[in-house]
Amino acid sequence: MTVSSAPGKVYLFGEHAVVYGEPAVPCAIELRARVEVTERSDGKLRVHAEDLSLDGFTVEYGGSTAGRPDVNVSESLVSAAMGYVDEAIGQVRDVTDTDDAGFDVTIESDIPLGAGLGSSAAVVVAAIDAATRELGVTLETDELAERAYRTEHNVQDGQASRADTFCSATGGAVRVEGDDRRSLEAPDLPFVIGFDGGAGDTGELVSGVRQLREEYDFASDTVAAIGDIVRQGERVLEDGDLEELGRLMNFNHGLLSALGVSSRSLETMVWSARDAGAYGAKLTGAGGGGCIVALDATPETETALSFTPGCEEAFRAELAEAGVKRLE
Ligand SMILES: Nc1ncnc2c1ncn2[C@@H]1O[C@H](COP(=O)(O)OP(=O)(O)O)[C@@H](O)[C@H]1O
Ligand SMILES: C[C@@](O)(CCOP(=O)(O)O)CC(=O)O
Ligand SMILES: [Mg+2]
């Protein structure tokens, strides 16, 4: 058995815009997905998702190499839940040139699904790392990030950036712009997260922005303006100027809302955080529901969010310096 873990992330700036070649600054956080992999001799893939709960029930999915479920759960639901894992194993078979490799995969994750905290990237990075090492192949971090990116790119119909998966593989604060990706020096940022208990469909939300850009030049201008915010934000990040970082986060959120990826619950949490005195607050990830991220070194924002209608959970998140961890 081989075990790896990988962190989730929040976007300080740049989600959605990064899909169209603008820069983004995601930061890894200490919420992790942990994946155990044991090779099978029969070539089958069996995935046990310990805490994958969709609509109130858990899916245990196992089946032949054709990836068909042998449980009586609708295929569409299983493929939605397991699409990333299936594709990740496909990348493992490709990079290790072992088309018939079978695995028992068990996934445990602290990261809420579809909430903008990069659960898909964390699961994919940890699964690819553990499964390749189970076959005796240890990938360099860059190759691991590349294979994880290809996984998200294929699952999200070609609509994915390198940001989430590079951040999860590398850890810390990173800057991604197209193929260019590198780590950033960042101060210890006082992240506070609000979670509305919901989720957004990344593929669907990314498609919505793509359609807006195709229809309106000003939507493309809005995406480009987010890129300008990110370039200003990375200059400020190194100085650790939380006041200006917060202002830029607020601006970024406003443009994401204009692009149609916010929601009533995300707006309520963002304003609750700002009214509590946070330096800034914005949705994180694909949007549509899920999480906001705020900066506040005091307990005020966390307290205010915990009393905000529609906020199911409020918590602090530490910057995760380590990306993928090889546990066994
Ligand atoms: N614990 C898990 N077990 C299996 N698959 C998971 C798990 N967590 C996330 N996933 C996969 O990632 C998908 C959510 O990814 P996505 O929509 O990009 O949201 P986010 O990355 O913001 O969490 C889930 O639908 C599922 O396919
Ligand atoms: C919307 C996007 O920029 C980030 C998606 O983040 P998440 O999967 O919702 O955590 C898509 C991408 O960069 O692949
Ligand atoms: Mg994702």
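The figures that follow rest on heavy atoms only: side chains count, while hydrogens, waters and symmetry mates do not. Start at 1 with the first residue, then count along the sequence. Counting starts at 1 for both ligands and their atoms, in listed order.
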**Q** Test your reading of the structure: does H16 have an N or O sitting under 3.5 Å from an N or O of ligand 2?
**A** yes

**Q** Counting heavy atoms not belonging to D239, are there more than 12 under 6.0 Å from its CG?
**A** yes

**Q** Only heavy atoms of L117, strictly under 4.0 Å: list the atoms of ligand 1 that pass.
**A**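 Near L117, the atoms of ligand 1 are 22 (O).
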
**Q** Say whether E215 and Q211, considering side chains only, have a donor N or O and an acceptor N or O under 3.5 Å apart.
**A** no

**Q** If you measure from each non-hydrogen atom of A286 to ligand 1, which part falls under 4.0 Å: side chain, backbone, both or neither?
**A**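 For A286, no heavy atom sits under 4.0 Å from ligand 1.
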
**Q** Testing D104, V105, T38, D129 for side chain to side chain contact (heavy atoms under 4.5 Å, CB included) with E134, which one passes?
**A** T38

**Q** For S109, is at least one N or O under 3.5 Å away from an N or O on ligand 1?
**A** no

**Q** Can you name the atoms of ligand 1, numbered from 1 with element, that are less than 4.0 Å from a heavy atom of Y84?
**A**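 What qualifies from ligand 1 is 11 (C), 12 (O), 13 (C), 15 (O), 18 (O), 27 (O).
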
**Q** Check each atom of ligand 2 against the heavy atoms of A160 and keep those under 4.0 Å away; list them by number with element.
**A**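 Numbered from 1, ligand 2 contributes 14 (O).
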
**Q** Is the closest heavy atom of R162 to ligand 2 under 4.0 Å?
**A**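 No.
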
**Q** Between V85 and ligand 1, is there a nitrogen or oxygen pair with a distance under 3.5 Å?
**A** no

**Q** Could you check whether E152 pairs with R162 (Lys NZ or Arg NE/NH1/NH2 to Asp/Glu carboxylate O, under 4.0 Å)?
**A**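 No, no charged N to carboxylate O under 4.0 Å.
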
**Q** Check the surroundings of atom OH in Y216: do more than 12 heavy atoms from other residues, nucleotides or ligands lie under 6.0 Å from it?
**A**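 At most 12 heavy atoms, drawn from other residues, nucleotides or ligands, come within 6.0 Å of this atom.
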
**Q** Counting from 1, what ligand 2 atoms have a heavy atom of E15 closer than 4.0 Å?
**A** 3 (O)

**Q** For A115, counting its heavy atoms only, list the atoms of ligand 1 lying under 4.0 Å from any of them.
**A**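 With A115 as reference, the close atoms of ligand 1 come out as 22 (O), 23 (O).
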
**Q** Any atoms of ligand 2 less than 4.0 Å from a non-hydrogen atom of V19? List them with their elements.
**A**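 Near V19, the atoms of ligand 2 are 3 (O), 11 (C), 12 (C), 13 (O).
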
**Q** Distance under 4.0 Å to a non-hydrogen atom of L113: what atoms of ligand 1 satisfy this?
**A**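 Matching atoms, with element in brackets: 8 (N), 9 (C), 23 (O), 24 (C).
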
**Q** Under 4.0 Å from any heavy atom of G118, which atoms of ligand 2 are there?
**A** 10 (O)

**Q** Do T151 and Q91 have a side chain donor and acceptor closer than 3.5 Å?
**A** no

**Q** Check this for me - ligand 1, D201, N or O atoms closer than 3.5 angstrom, yes or no?
**A**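 No: no nitrogen or oxygen of D201 is under 3.5 Å from one in ligand 1.
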
**Q** Is there a side-chain contact between Y149 and D179 in this structure, where contact means two heavy atoms from C-beta onward sitting under 4.5 Å apart?
**A**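 Side chain of Y149 against side chain of D179, heavy atoms only: no contact under 4.5 Å found.
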
**Q** Which of the atoms of ligand 2 are close to V18, meaning less than 4.0 Å from one of its heavy atoms?
**A** 3 (O), 13 (O)

**Q** Provide the closest heavy-atom pair for A126 versus A33 in the form atom of the first, atom of the second, distance.
**A** CB-O, 4.0 Å

**Q** Would you say Q156 reaches the Mg ion (ligand 3) with an N/O/S atom under 2.8 Å?
**A**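 Coordinating: no.
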
**Q** Show which atoms of ligand 2 fall inside a sub-4.0 Å distance from at least one heavy-atom site of G116.
**A**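 Heavy-atom distances to G116 below 4.0 Å select 9 (O), 10 (O).
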
**Q** Looking at ligand 2, does any of its N/O atoms fall within less than 3.5 Å of an N/O of D164?
**A** yes

**Q** Q159 and S207: side-chain donor and acceptor closer than 3.5 Å?
**A** yes

**Q** Can G116 be said to touch ligand 1, with heavy atoms closer than 4.0 Å?
**A** yes

**Q** Just jot down the ligand 1 atoms closer than 4.0 angstrom to any heavy atom of I107, in number order.
**A**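 Those of ligand 1 that fall under 4.0 Å from I107 are 1 (N), 2 (C), 3 (N), 4 (C).
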
**Q** Among protein heavy atoms, which lies nearest atom 8 (O) of ligand 2, and at what distance?
**A** T202 OG1, 3.4 Å

**Q** Any nitrogen or oxygen of K9, side chain or backbone, less than 3.5 Å from one on ligand 2?
**A**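 Yes; at least one N/O pair falls below 3.5 Å.
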
**Q** With a 4.5 Å cut-off on side-chain heavy-atom distances among I, L, V, M, F, W and Y, is there a chain of contacts connecting Y279 to V293?
**A**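 Y279 clusters together with V293.
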
**Q** Could you tell me whether some N/O pair between E152 and ligand 1 is separated by less than 3.5 angstrom?
**A** no

